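One structure is given here, and the rest of the page talks about it.
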Amino acid sequence: MANFGIENKILQYLIIILNLKYLSATHDSNGNSSCVLYEQKFQLKNCVLINHSHLECNGNYNFCNDNKSEFFMLNTILIPYDSILKLSISDSSKLIVDPRNIIKTFPNLRVLTILRGKLIKIITSFPAEAKISEIRIDRTKLDTLPDDVFKYLSLPHAIDLRNNALAKINPESFNITSLTSLYLAGNPWKCNYNMSWILKINNNSLAMKIKDTEKLHCTSPYEGRPLFAVVEIIETLRNECKQTVCDCELIHVVGPRNSHQQINNKRQLMAFVAVNCSYRGLEEMPDFIPTNTTRLYLTGNKIFDLTKIVTNPVYREVRDLYLDDNLIESITILDGSYWLEHFRVFSLRGNKLADLPTYALENVLVQGENAVSIYLGNNPWTCDCLFTPGFQDLLLQYTNIIKDIHDIKCNLLINNGENSGKLIKDLTRTEICVMPNEFFLHPIDILNIILATTILLIIGKFIYDYWLFKRTGILPWIVTKIP
Ligand SMILES: *[C@@H]1O[C@H](CO)[C@@H](O)[C@H](O)[C@H]1NC(C)=O
Ligand SMILES: *[C@@H]1O[C@H](CO)[C@@H](O)[C@H](O)[C@H]1NC(C)=O
Ligand SMILES: *[C@@H]1O[C@H](CO)[C@@H](O)[C@H](O)[C@H]1NC(C)=O
Ligand SMILES: *[C@@H]1O[C@H](CO)[C@@H](O)[C@H](O)[C@H]1NC(C)=O
Ligand SMILES: *[C@@H]1O[C@H](CO)[C@@H](O)[C@H](O)[C@H]1NC(C)=O
Ligand SMILES: *[C@@H]1O[C@H](CO)[C@@H](O)[C@H](O)[C@H]1NC(C)=O
Ligand SMILES: *[C@@H]1O[C@H](CO)[C@@H](O)[C@H](O)[C@H]1NC(C)=O
Ligand SMILES: *[C@@H]1O[C@H](CO)[C@@H](O)[C@H](O)[C@H]1NC(C)=O
């Protein structure tokens, strides 16, 4: 090695002497920051030769070998372009990479690395004649790749795109038989974009060539969750959704994030799925919804029966249920059910509800563990002395949960004229319990009064008879008649 170093130095010395004439050409510049022309040879600024085949350049870089000279100059040394096998460019503040030009300039290039800095664009493809075996673009701002940038590379090669700003890639642009390995970690992957190809790990598939699959993570809305597991969940959901008439979306994933362990086990994640079956003309609640559906929209259908919420286990995990604008007349069936005790949002606006089991709802709200919002507006609520006082208490006690108290009104048609259309929260007790006949008494009450009066009369008569007997010795008339 030492010998080689000395030989190298002697060689460089000779080159300096041979090319001394170029030294005088200091003004022959074209004004371009990276391409400085010295008598038809380009002087590369900000570059150093690490060894005779490895060139390293810093800052903004253009390789402008327009005149197809065989040499470039580096600190007065002439260097043949085709001796460069490895080129590193780092810390460019604004770099537009033109691979075709790079390969034209350095035809024997094997390894190209672009490190740090703001690589903003790659504008051409690597040409078929490139002898590239490794491309590494690391810690730049690169966020898109032209579709065919690597397509024509014919020799076996590895591509390392770690720690850039790539959110999605077109798998077709990596469908290259000569690609041996691909590194993609550290990019903000959009997992809800079509990434199902990454699950197809077989023979020569692209997924097979990705060497760091377990280190890939998602960007929002699944911030930091492991990509492979999330894509798996999305795929399962997509297949299950096909069995419904609804739209399905994975809204949220809970679980460990950015862990250094290999967490591709979807069992460590909890999925939250929203399913939208609104305005589908449904006459009953669906028999099947995707597993882990936590939010279900059934707005604008013709549903009147809620039995399935109780009987069908698929509804156990549904926390947010929107049943607005249906034909529901009663929710009594939910009384005491698992679902009623665990829901978070229950929206029943615009149905046909006239009353509801106040005590059942109250029981749930008293525990106050899960329920966050209830909507009951735009229903034909009964306003009578039997139902309304308890209902009104409930509304006033849970204003933080019952969100649309300003839409909860007495039925316009059925109730007596005075209260129809009034806000239930504003009714006074006398308004509620006003009776058609003020002195009307219930038949049972009348009977009770008669019986009580009779008892009093009998007791009075008994006391009077006792007093009379003591004073006068006269037995009551009835006793004299008994044999
Ligand atoms: C630098 O040179 C390249 C190639 O010759 C040219 O395209 C570019 O416009 C030049 N830049 C400036 C600032 O002169
Ligand atoms: C030149 O340096 C690179 C690392 O910078 C190294 O991989 C390569 O083997 C070196 N080449 C020679 C011929 O020493
Ligand atoms: C190319 O070479 C010609 C002479 O061969 C010279 O006149 C011209 O300035 C050179 N241009 C560039 C951009 O290198
Ligand atoms: C890859 O490209 C070949 C043609 O070059 C095509 O037949 C094949 O379907 C592609 N594979 C994928 C997974 O896109
Ligand atoms: C997702 O990509 C696969 C192949 O990569 C394709 O078959 C499918 O149609 C794509 N789906 C969407 C929604 O783009
Ligand atoms: C792998 O390729 C072989 C033949 O090339 C084929 O028989 C086999 O089915 C493939 N396996 C998979 C999982 O695609
Ligand atoms: C889906 O729900 C089931 C229980 O119904 C649970 O065991 C499973 O872990 C959930 N899956 C995800 C990805 O949340
Ligand atoms: C559900 O779907 C309907 C119609 O398909 C749409 O109008 C509505 O905005 C969707 N709701 C949500 C919450 O996505």
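In each ligand, atom 1 is the first atom listed, and ligand 1 is the first ligand listed. Only a predicted model underlies this, so the values are computations on that prediction, with no experimental measurement involved.
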> Would you say the side-chain atoms of S196 and N194 include a donor-acceptor pair closer than 3.5 Å?
Replying inline: yes
> For E235, what residues pass the salt bridge (Lys or Arg N to Asp or Glu O under 4.0 Å) criterion, not counting sequence neighbours?
Replying inline: R238
> Are any of the side-chain heavy atoms of L155 and K131 separated by less than 4.5 Å?
Replying inline: yes
> With hydrogens left out, which residues have an atom under 4.0 Å from ligand 8, given that only heavy atoms count?
Replying inline: N276, R280, Y297
>> Strictly below 4.0 Å, N to O, side chains only: are R429 and D393 in salt-bridge contact?
In response: yes
>> Quick one about Y359 and D335 (side-chain donor to acceptor, distance below 3.5 Å, no hydrogens or angles considered), yes or no?
In response: yes
> Can you name the closest pair of heavy atoms from H342 and Y338 and give their distance?
Replying inline: ND1-O, 2.7 Å
